[in-house]
Amino acid sequence: MPIKNLVDRLAADYPNIQFKPGEHFMWSASEKTVYYNARDIGTETFLLHELAHALLDHSDYDLDVELVRKESEAWDMTVTKLADKYGVDVSEKEAEMALESYRHWLFRRSKCPDCGTNGLQTKNTHYKCIACGCSWRANDARVCELKRYRVTA
Ligand SMILES: [Zn+2]
Ligand SMILES: [Zn+2]
């Protein structure tokens with residue numbers, strides 16, 4: 001099924017949610033918008049996954065512990081409800097792998113750029129290393145790319 005068809009169906013079923021093409025798959029609670037990358041592989045799966053975040057009313061800013069729980073909730077809804085409803089083939093294994101790589105990504109983003117110790121999250125995208133005192137910012141957890149910026153206070 002071309003991604004456009006599924007987007008049209010979702011847009012008709014959920015008039016309160018906007019669906020817009022973007023660079024990444026992402027749910028923005030403040031904009032009530034699901035962004036999707038039509039060029040990515042497995043787009044339908046991720047489109048449904050982002051919809052699950054929307055339906056579960058997940059907010060934009062959470063600490064890592066919350067993120068993992070919400071990510072797992074969203075995958076659960078994707079597999080048990082949305083996949084069937086929209087006739088998209090999503091296996092539990094696929095969902096587990098996505099969740100695993102997300103966990104891994106969170107783990108890496110919390111690593112100190114100076115000494116490699118896992119830091120403490122102080123705010124949504126701010127971390128502090130207890131070993132060397134270094135502070136850094138990671139990019140938004142809604143976007144799955146790893147970037148770390150050192151904070152020069
Ligand atoms: Zn997610
Ligand atoms: Zn450090």
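A quick note: this is a predicted structure, and the numbers were derived from the prediction, not measured. Just follow the structure's listing: the first ligand is 1, and inside any ligand the first atom is 1.
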Of all N, O or S atoms in H49, identify the one at the shortest distance from the Zn ion (ligand 1). NE2
As a test of reading the structure, name the N/O/S atom of H53 that is nearest the Zn ion (ligand 1). NE2
E50 backbone or side-chain N/O/S under 2.8 Å from the Zn ion (ligand 1): no
Would you call E66-R69 a salt bridge at under 4.0 Å N-O? yes
Have H53 and E71 got a donor and an acceptor in their side chains that come within less than 3.5 Å? yes
So, is C115 placed with an N/O/S atom under 2.8 Å from the Zn ion (ligand 2), counting both backbone and side chain? yes
Run R103 and E100 through salt bridge (charged side-chain N to carboxylate O under 4.0 Å, His left out) and show every step you take. CA-CA 5 Å; R103 273 207 198 95; E100 198 44 54; 3.0 Å; yes
At the Zn ion (ligand 2): angle between C132 atom SG and C129 atom SG, to 10 degrees: 110°
Taking everything shown except L56 itself, do over 12 heavy atoms lie less than 6.0 Å from its CG? yes
Could you tell me if the ring centre of F19 sits under 6.0 Å from that of W27? no
